[in-house]
Every structure is written in C-alpha cells, then in structure tokens.
Amino acid sequence: MATHSIRRATHDDFDELMQIGDVYQGMDYLGHRYHAYIDDPNNRSYVYMIGDEIIALCMAFIIDDGQTFMIRGARTKDGFRGQGIYGKLNKYVYAEYVDIASVKYDVMTTNNLNFDVNKDRLLKNHTELNRKSLVHGRFKMSDLHLHELEGPYPILQQMTSEDLLDLFASEGSSKSLFPANKIVIDWIPLRFLPSNMKYILEPEALCLRSKGSNGETTLLTFGTPSNCELGVRYSMDIFGDDVTDFPYHVIRHMRHVGTLTKGYVFLQMGIEEKFKEIAVNVLPLLNLTPFDFPWTTQINFESKFKVKK
C-alpha cells in the first residue's frame, strides 16, 4: 500500500501540479503565478502525496503584516476528491501556523456557487465583509472598438504604489471607497498596509483614478492580468460611484490589455450591485456583449484564526 505523506511544495512540482487540471472554470491563475508564490517569503505551499504522486495542493499566505492567514490555489486531483484528502492537508497546514502569535485572522473569498452549497458552514464560522457583483466579457483584442467616446475625455491618473498609500491614508476617500475598511484586489481582501502593496498593485497591473471637483477620489479601478486557459484573464476591481467616468476607465484598461496580448481576453469586473447595470451597458460600447458565466457574485469573509480540529 502506498504511503500517504505531506511535504512543502517546490518549483520542481510545477509540471505535475499543472496536470491536476482546471479548477476555476478556465480562469486558473496558478500556472501564471506558481513560481512567484513559491518564492514569496509570505507563502508556504504544501502538497499531499500518495507514494510519489502529488494528489493535492494548499498554498498558505500570511498577509497584513503577519496578522492574517489566507489560502490560495487549493486543489485536489480528479479521482481523489471526496475522500477527505484535502481536509487532512488543510488541517496540517493550519497546524503549521499555530505557534505564530501575530496571526489573528483568517480570510477567504468565494463565488455564489460555492456559497450556495456551503452557506450554513460559511456563515457559522465566518463574518461576511462584503460582496460584489461580477460582470464578464469574453473577446479577442482585434474585435474591440477602442474609439474615443463623445465629449471631453476626463483626466485619469495612473496610480503608483506611493499614490495609493497616500489615498489609503486619506480618511475621507477611504471611507467612501472602502466601506469594509479593506480593499479586495483579484479576490484577495487586504488591509491598507505597505507590505500588501505587492498584492494590491502587481507589476503588470494598472490602477486608474478619477477625482471630483473637491479633489476627492470618485472612482478607482484596478486591472490585474494573469494568463489562463481562456487567454488573458483580466480582473477589474472597481471602487467608487463616478459612473460618468467609468466607460473611459474601461477603455484605458482595455488598451492596457492590448499591450499584453493580441489574442483572447476574459474580462471579469467586480462592481457594487447598484452599478452592475452600468457595467453591463459599457460593454456594447466596445463591441462586446456580456459573457454568460456562472459566477455572478464575489463574497469575502473573515474569521478569527484557529487551528482546525
């Protein structure tokens, strides 16, 4: 009988892990980010082995200056799901952090499908931080109509890490843009800390800002790209209520995507429910129609960190 074991994941595990298969409806980001995650000092990744075969993966991060535990990229090989294997791996990983006194919180983000299946368990153990509606587009860059819209083109500031830290320190803007007192970027809830900036604004990401007449930020949009089965997955996270400038933000982001690929793009916009219709109406301006995708809502949770029994 083959031996069951758990060990740290390495760069050399990449090819075998990629054979586990797609677990995110064609939007799996792991191939794009795996090596960067392994090199991240905030990450410890583990694999569950049966003999010499990798069966499951769990990637644990410590974010928020050591305060918060988060798991990304979790998966189990087809044919071994439903056997409690990932549960054993998950418990092992949590136990690895029990002696780290700084860790106080556990965050997770899920979609409406997973929430519907696990609603009772999730609400029993976690506090909901916020939720956003998801609007999707699927297209080839050559099919887009990135023409200028009518009227004066607004000034959109491209934000740097330093600009964002200044914005986060502005109490007025932060309260209106981030009512949950966190920013959710590409499905990760993050506190406004310098140590989190490498997750908030990744090297190929784009952040744009609009300002009102009083100088306060009225719209902030992030675009985070990653390669996936569907082409380039471009995750747009939208904060604020400046609906007038929103189409111009989308056009600027699409031009940015055009510098990354000439092929297929899967656009996923996370936006407040009250502005969902506006986001849907922007897509036809670019010669697009909304893409029917089963994930319609993003839900973010937080709980007190505790080792699982």
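Atom set for the values below is all heavy atoms of this structure, side chains included, hydrogens, waters and symmetry mates excluded.
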### Task
Please determine, by modelled atom types, if Arg81 and Thr76 share a side-chain donor-acceptor pair under 3.5 angstrom.
no
### Task
Please determine if Asp186 and Arg233 form a salt bridge, counting it only when a charged side-chain N lies under 4.0 Å from a carboxylate O.
yes
**Message:** Under a 3.5 Å distance rule, please check whether Asn281 uses its side chain to pair with a backbone N or O of Glu277 as donor and acceptor.
**Reply:** yes
CD1 of Ile200 to CD1 of Ile185, rounded to nearest 0.5 Å, is 6.5 Å
inquiry  = Can a donor-acceptor pair be found, under 3.5 Å and without considering hydrogens, that links the side chain of Glu16 to the backbone of Ile54?
reply    = yes
task = Without swapping roles, check the side chain of Thr221 against the backbone of His249 for a donor-acceptor pair under 3.5 Å.
result = no
In terms of heavy-atom contacts, Thr224 and Arg33 come closest through CG2-NH2, 3.3 Å
Presence of salt bridge, Asp28 and Arg75, under 4.0 angstrom = yes
Aromatic ring pairing Phe222/Phe239, orientation class (parallel under 30°, perpendicular over 60°, tilted between): perpendicular
Q | N/O donor-acceptor pair under 3.5 Å between Asn300 side chain and Leu129 backbone | A | no
One should read off an interatomic distance between Thr296 OG1 and Leu113 CG, to the nearest 0.5 angstrom, of 7.0 Å
> Looking only at side chains, do His11 and Asp39 share a donor and an acceptor under 3.5 Å apart?
Replying inline: yes
*Test item: side-chain donor near acceptor, Asp242 and Thr218, under 3.5 Å*: yes
### Message
Assess, by modelled atom type and distance only, whether the side chains of Ser195 and Asp65 contain a donor and an acceptor separated by less than 3.5 Å.
### Response
yes
Of Phe291, Phe293, Trp295, the one forming a ring pair (Phe, Tyr, Trp, His ring centres under 6.0 Å) with His136 is Phe293
Taking side chain as C-beta onward, heavy atoms only, is Leu206 less than 4.5 Å from Met236?
no
- Item | Carboxylate-amine/guanidinium proximity below 4.0 Å for Arg191 and Glu302 | yes
Excluding Phe115, membership of its hydrophobic cluster (Ile, Leu, Val, Met, Phe, Trp, Tyr; side-chain heavy atoms within less than 4.5 Å) reads Met108, Leu122, Leu123, Ile299, Phe301
### Query
Would the Phe192 and Phe178 ring centres measure less than 6.0 Å apart?
yes
So CG of Asp40 and NZ of Lys198: to nearest 0.5 Å the spacing works out to 3.5 Å
* Indicate yes or no for a side-chain donor-acceptor contact from Lys132 to the backbone of Asp237 under 3.5 Å, with no hydrogens or angles considered. => no
